[in-house]
Novice: 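Here it is, the structure in full.
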Amino acid sequence: MQYKCKMTVIDKKVFNDLQEKYLEDPKSGACPFYEVGAEYIFERYGDEDTFWTQGKGAHCSEAWDCFSRYVYTALQGGSIMRGWTNDEHMMIACCNDGTRPVIFKIERLDYKVLYVDANMGAQKEIATALKNLDGVTNAIYRPEKNFIEVFMDRNNEVEDEKIIAAVGDFKVLRID
């Protein structure tokens with residue numbers, strides 16, 4: 001099993017009264033760095049390590065300081081917030097800018113990497129077929145890496161045998 005982390009900006013707040021009282025620029029307004037609806041995917045598989053490349057200067061340092069531990073935990077396959085949220089693989093967090101916080105939804109994504117001996121067209125068809133398996137939430141062919149990512153419900157891991165059966169007559173080289 002492999003893990004990614006999806007982070008979505010779900011809200012931004014502005015506390016004008018606090019900005020007027022405490023900031024050098026009392027009309028600073030909302031955070032200019034993030035937009036509601038923006039999504040960020042972090043992954044650590046093979047030669048990809050976007051935890052470091054996306055985290056290093058690509059995010060506001062105040063926000064990164066607040067959510068990076070949750071992203072890292074998700075990438076390691078851990079429970080982000082057991083006993084706190086209604087899904088232990090998800091966390092709602094915010095940056096620590098007290099006058100204009102940004103609120104993030106952080107989710108662990110569980111997936112398997114499927115290597116199949118097939119051409120690009122067949123791999124796309126296999127990905128489509130895999131989407132119909134019970135417990136599979138998405139399947140994406142990554143042509144630049146020549147593998148298929150099979151995403152699944154965090155609470156319903158799809159067995160390798162079911163994935164292999166869905167591939168049909170093509171040879172499965174390996175599943176990570």
Side-chain angles (χ1 to χ4, degrees), residues 1-114 127 131 135-145 147-158 176:
M1 182 74 69
Q2 303 301 318
Y3 308 98
K4 291 189 184 195
C5 184
K6 178 181 175 182
M7 186 178 74
T8 307
V9 178
I10 60 172
D11 204 356
K12 292 172 34 167
K13 300 289 184 192
V14 178
F15 298 106
N16 293 318
D17 57 331
L18 295 175
Q19 287 186 349
E20 288 177 24
K21 186 172 183 178
Y22 296 108
L23 299 187
E24 185 173 326
D25 178 0
K27 304 239 184 275
S28 292
C31 171
F33 201 95
Y34 294 102
E35 296 301 324
V36 173
E39 294 181 350
Y40 304 89
I41 302 290
F42 297 90
E43 65 181 301
R44 297 182 92 186
Y45 177 77
D47 59 354
E48 295 287 333
D49 189 351
T50 58
F51 178 77
W52 295 112
T53 58
Q54 281 193 38
K56 196 174 195 178
H59 290 278
C60 165
S61 61
E62 289 297 315
W64 181 251
D65 187 46
C66 295
F67 64 68
S68 62
R69 66 181 154 267
Y70 302 119
V71 171
Y72 190 78
T73 300
L75 290 173
Q76 301 305 314
S79 170
I80 300 173
M81 246 327 134
R82 184 174 40 203
W84 183 253
T85 57
N86 61 7
D87 177 350
E88 70 180 58
H89 304 109
M90 182 267 303
M91 175 63 181
I92 304 299
C94 69
C95 73
N96 58 17
D97 185 334
T99 70
R100 57 183 185 183
V102 177
I103 302 166
F104 304 93
K105 179 180 179 185
I106 303 162
E107 304 171 83
R108 188 181 94 190
L109 304 177
D110 297 5
Y111 72 107
K112 293 184 178 183
V113 179
L114 174 64
K131 290 178 186 180
V136 171
T137 59
N138 200 3
I140 301 169
Y141 173 56
R142 300 267 311 261
E144 75 282 6
K145 301 289 184 179
F147 59 64
I148 300 169
E149 295 174 330
V150 184
F151 292 88
M152 55 199 72
D153 179 328
R154 292 183 283 268
N155 301 310
N156 185 18
E157 181 178 345
V158 178
D176 290 342

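Keep in mind that this is a model prediction, so the values were computed, not measured.
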Novice: Is there a side-chain contact between Asp110 and Tyr3 (heavy atoms, below 4.5 Å)?
Specialist: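 Counting from C-beta outward, Asp110 and Tyr3 do come under 4.5 Å.
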
Novice: Got a donor-acceptor contact below 3.5 angstrom from the Thr85 side chain to the Met90 backbone?
Specialist: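 Yes, Thr85 side chain to Met90 backbone: donor-acceptor pair under 3.5 Å.
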
Novice: Which heavy-atom pair separates Leu18 from Gly98 by the least distance, and what is that distance?
Specialist: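 Answer, listing the atom of Leu18 first, then Gly98: CD1-O, 3.8 Å.
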
Novice: Quick one: pull up CZ in Phe147 and CG in Asp176 and give me the separation to the nearest 0.5 Å.
Specialist: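 With rounding to 0.5 Å, CZ (Phe147) is 9.0 Å from CG (Asp176).
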
Novice: Please give me the minimum heavy-atom distance between Cys95 and Arg100, naming the atom from each residue.
Specialist: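 In terms of heavy atoms, the two residues are closest at SG-O, 4.4 Å.
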
Novice: Parallel, tilted or perpendicular: which one describes the rings of Phe42 and Phe67, with boundaries at 30° and 60°?
Specialist: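 Rings of Phe42 and Phe67: tilted, 30 to 60°.
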
Novice: Out of curiosity, Lys4 NZ to Glu48 CD, how far, rounded to the nearest 0.5 Å?
Specialist: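 Rounded to the nearest 0.5 Å, the NZ-CD separation comes to 8.0 Å.
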
Novice: For side chain to side chain contact (heavy atoms under 4.5 Å, CB included), just list the numbers for Val9 and Val102, CA-CA rounded to whole Å, side-chain angles, deciding distance to a tenth of an Å, and then say yes or no.
Specialist: CA-CA 7 Å; Val9 178; Val102 177; 3.7 Å; yes

Novice: Can you tell me how far the CG atom of Asp97 sits from the CD atom of Gln19, to the nearest 0.5 Å?
Specialist: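 The distance works out to 7.5 Å.
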
Novice: Using 30° and 60° as the class limits, which term best fits the ring planes of Tyr34 and Tyr40: parallel, tilted or perpendicular?
Specialist: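 Judged by the thresholds at 30° and 60°, the geometry between Tyr34 and Tyr40 is perpendicular.
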
Novice: Is the closest basic N to carboxylate O distance between Glu43 and Lys145 below 4.0 Å?
Specialist: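 Lys145 and Glu43: not salt-bridged.
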
Novice: Search all heavy atoms of Met1 against all heavy atoms of Tyr111 and return the closest pair with its distance.
Specialist: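 Minimum heavy-atom contact is SD-O, 3.5 Å.
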
Novice: Can you tell me how far the SG atom of Cys31 sits from the CD1 atom of Ile103, to the nearest 0.5 Å?
Specialist: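 Going from SG on Cys31 over to CD1 on Ile103, the span is 11.5 Å.
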
Novice: Applying side chain to side chain contact (heavy atoms under 4.5 Å, CB included) to Met81 and His89, what does each step give before you reach the verdict?
Specialist: CA-CA 7 Å; Met81 246 327 134; His89 304 109; over 6 Å; no

Novice: To check you understand the geometry: which heavy-atom pair defines the closest contact between Val71 and Cys5, and what is its length?
Specialist: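 For Val71 versus Cys5, the nearest heavy atoms are CA-SG, 3.8 Å.
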
Novice: Do Arg154 and Glu88 sit within salt-bridge range, that is, some charged N less than 4.0 Å from a carboxylate O?
Specialist: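 Salt bridge between Arg154 and Glu88, a charged N being under 4.0 Å from a carboxylate O: no.
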
Novice: Could you pull out the closest heavy-atom pair between Phe51 and Ser68, with the gap in Å?
Specialist: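 What the structure gives for the nearest pair is CE1-O, 3.5 Å.
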
Novice: What's the separation between atom NZ in Lys13 and atom OG1 in Thr99, rounded to the nearest 0.5 Å?
Specialist: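 That separation rounds to 14.0 Å.
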
Novice: Lys112 side chain to Val158 main-chain N or O, any donor-acceptor pair under 3.5 Å?
Specialist: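 Judged by distance alone, yes, a pair lies under 3.5 Å.
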
Novice: Which heavy atom in Ile80 sits nearest to a heavy atom in Ile106, and how many Å separate them?
Specialist: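 Closest pair (atom of Ile80, atom of Ile106, distance): CD1-O, 4.0 Å.
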
Novice: Does CD belonging to Glu144 count more than 12 external heavy atoms closer than 6.0 Å?
Specialist: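 Yes - once you tally the heavy atoms of other residues, nucleotides and ligands closer than 6.0 Å, there are more than 12.
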
Novice: Using a 6.0 Å cut-off, check whether atom NZ of Lys12 has over 12 heavy atoms from anything other than its own residue.
Specialist: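 It does: Lys12 NZ has more than 12 such atoms within range.
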
Novice: Quick one: pull up CG in Leu109 and CG in Leu75 and give me the separation to the nearest 0.5 Å.
Specialist: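 Taking CG in Leu109 and CG in Leu75, the distance rounds to 9.5 Å.
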
